[in-house]
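So the structure is just underneath, and the comments pick up after that.
To find a chain, count down the sequence lines: A is the first, B the second, and so on, and within it residues start at 1.
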Protein chains: 2
Amino acid sequence: MAIEGIKERIIQAAAAEFLQKGSGGARMQVIADKAGINKALLHYHFQTKQRLYETVLRQQFSKLIDSLFEQLEKETDFDTWLQSLIRKYLREIMTAPGLSRFVLWELNSGAKVLPQLFKKCLADKGHDPSFILTTINRRLQEEGLGNIDPVHFLLNLLALCIYPVIAKPILEQILGSGYFKAGDFIASREEEIFKLLKQGIYRQNEEDK
Amino acid sequence: MAIEGIKERIIQAAAAEFLQKGSGGARMQVIADKAGINKALLHYHFQTKQRLYETVLRQQFSKLIDSLFEQLEKETDFDTWLQSLIRKYLREIMTAPGLSRFVLWELNSGAKVLPQLFKKCLADKGHDPSFILTTINRRLQEEGLGNIDPVHFLLNLLALCIYPVIAKPILEQILGSGYFKAGDFIASREEEIFKLLKQGIYRQNEEDK
DNA sequence: GTCTATAACCGGATAGAC
DNA sequence: GTCTATCCGGTTATAGAC
């Protein structure tokens with residue numbers, strides 16, 4: 001464990017506050033309290049709210065992008081690849097549901113900062129936004145599944161993994177609050193998504209033969 | 001067309017502002033401007049921001065609940081029922097993506113108002129939260145699909161319909177901005193979801209025989 | 001009912017002592 | 001580097017004339 005620098009402590013506190021309340025809803029006072037300092041010191045280290053916000057996001061995106069792209073690029077056989085992708089996405093989102101929810105919301109509020117920041121993070125790691133789709137397409141082609149629309153495939157994958165996690169507060173209203181607490185929820189969800197996607201793929205393939 | 005009451009005009013303006021900015025981010029001044037009046041008059045009609053907020057939400061939920069439950073209760077054959085459900089959900093969310101996004105976000109910020117309001121709206125119409133799940137379960141049973149988990153079924157349905165619409169701003173980053181403008185996107189998405197869900201159902205059914 | 005003017009408050013940012 | 005005290009702009013809400 002490194003000596004916990006105060007900047008790190010601030011960033012951590014700020015991340016919690018920003019991801020929960022959004023750029024506008026977050027309060028510098030709350031961040032200072034969470035970090036165990038006062039507002040003045042907060043401004044001493046990060047000048048403005050905006051700068052702090054961007055620092056936090058850059059760091060959050062960076063973590064997420066590393067994790068997801070690493071998995072996407074793995075050259076295992078198709079089934080293993082898909083299964084690991086699902087598992088990775090599910091776990092990533094489950095441990096940080098705030099980020100997906102936050103991006104979904106914040107991107108809507110006209111703020112141009114987020115897309116720019118995201119693209120910059122991608123570029124810093126040598127990736128292009130189209131890389132995701134071309135990789136999926138290549139894997140499908142190699143598997144003899146050239147007739148599958150990679151866009152629908154991607155939409156299905158993301159939707160099935162992300163939605164149940166970020167919609168948890170709503171779903172608990174319908175399903176009862178104990179539902180997501182069961183440890184086997186992720187496991188059963190993982191299996192369900194894999195089966196559904198795979199069956200969807202081969203169904204379409206049979207049709208076209 | 002009825003004489004457009006000023007309260008209706010305010011509620012409409014407030015809905016736009018609240019759904020885009022959230023409870024905290026919304027500004028009474030902006031709502032007043034959009035409604036073509038001034039702040040004082042706004043407070044004359046709705047006293048506080050909180051009251052206006054609740055009025056707007058009650059009305060939005062009411063619309064949504066009516067629309068979705070009506071479709072859920074239709075007693076057509078299974079395929080038609082599922083297909084109409086998908087179509088209805090997709091269109092409902094497509095015409096008002098703001099509401100889903102808003103609920104997803106706002107529910108997260110610890111505010112207890114939303115769940116209460118939602119339950120109250122359901123109760124006002126004589127529905128129980130568990131009604132959704134029991135209805136789905138009954139339809140599956142009637143179709144000889146008692147082995148399908150209604151929770152995963154519901155999760156899949158909601159995820160596949162809702163996610164692509166609310167995640168539009170992100171997806172445009174990956175797919176290019178023209179993708180969703182194509183008029184046939186909904187139609188093709190509608191078909192994709194129906195096929196995927198149906199295949200998923202019968203796949204599981206075959207396995208268990 | 002509708003307006004103008006203003007009170008009361010909150011939150012980001014800064015000054016200046018230590 | 002870290003604190004206390006304060007400024008200043010912006011936001012909700014109200015007072016009071018018409």
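Per the geometry, CD1 belonging to A/Ile6 stands 8 Å off C1' belonging to D/dT2, to the nearest Å. Taking atom CZ of residue A/Phe46 and atom P of nucleotide C/dA13, one finds them 13 Å apart after rounding to whole Å. At whole-Å resolution of the value, CE in A/Met28 and C1' in C/dG12 are 7 Å apart. Going from atom OH of B/Tyr44 over to atom C1' of D/dG16 covers 15 Å, rounded to whole Å. If you take NZ of A/Lys49 and P of D/dG10, they are 14 Å apart, rounded to a whole angstrom. The distance between atom CD of A/Gln29 and atom C1' of D/dT6, rounded to the nearest whole Å, is 14 Å. Across the protein-nucleic acid pair, A/Lys21 atom NZ and C/dC10 atom C1' stand 14 Å apart, rounded to whole Å. Note: CG (A/Leu42) to P (C/dA13) measures 9 Å, nearest angstrom.
Each of C/dC3, D/dA13, D/dG1 was ranked by its minimum atom distance to the side chain of B/Leu41; first place goes to C/dC3.
Using a 4.5 Å cut-off on side-chain heavy atoms (C-beta onward), A/Leu196 and B/Gln199 make no contact. B/Lys74 places none of its side-chain heavy atoms less than 4.5 Å from the side chain of B/Ser84. The closest side-chain heavy-atom distance from B/Leu64 to B/Gln60 is not below 4.5 Å.
For the OP1/OP2 pair of D/dT12 and a distance below 4.0 Å, the side-chain nitrogens and oxygens of B/Arg27 include at least one atom meeting the criterion. Look at B/His45 and you'll find a side-chain N or O under 4.0 angstrom from OP1 or OP2 of C/dT2. At D/dA13, one or more side-chain N or O atoms of B/His43 fall inside 4.0 Å of OP1 or OP2 (strictly under the cut-off).
Within the cation-pi definition used here (under 6.0 Å to the ring centroid, within 45° of the axis), A/Lys168 does not qualify as a partner of A/Tyr163. By the 6.0 Å and 45° rule, A/Lys39 does not stack over the aromatic ring of A/Tyr44. Judged by the 6.0 Å distance and 45° axis criteria, B/Arg139 is positioned over the aromatic ring of B/Trp81.
One finds no salt bridge joining B/Glu191 and B/Arg87 here, because no Lys/Arg side-chain nitrogen approaches an Asp/Glu carboxylate oxygen to under 4.0 Å. Under 4.0 Å is where a charged nitrogen must lie from a carboxylate oxygen, and between A/Glu92 and A/Lys63 no such pair does. For the pair B/Glu17 and B/Arg27, the salt-bridge criterion is not met [side-chain N within less than 4.0 Å of a carboxylate O].
Residues from residues 32-40 of chain B lying near DNA chain D, meaning a heavy-atom separation below 4.0 Å, are B/Lys39, B/Ala40 in numerical order.
Axis orientation changes by 10° from one end of the helix from C/dG1-D/dC18 to C/dC18-D/dG1 to the other, with each end axis drawn from 5 pairs and the value rounded to 10°.
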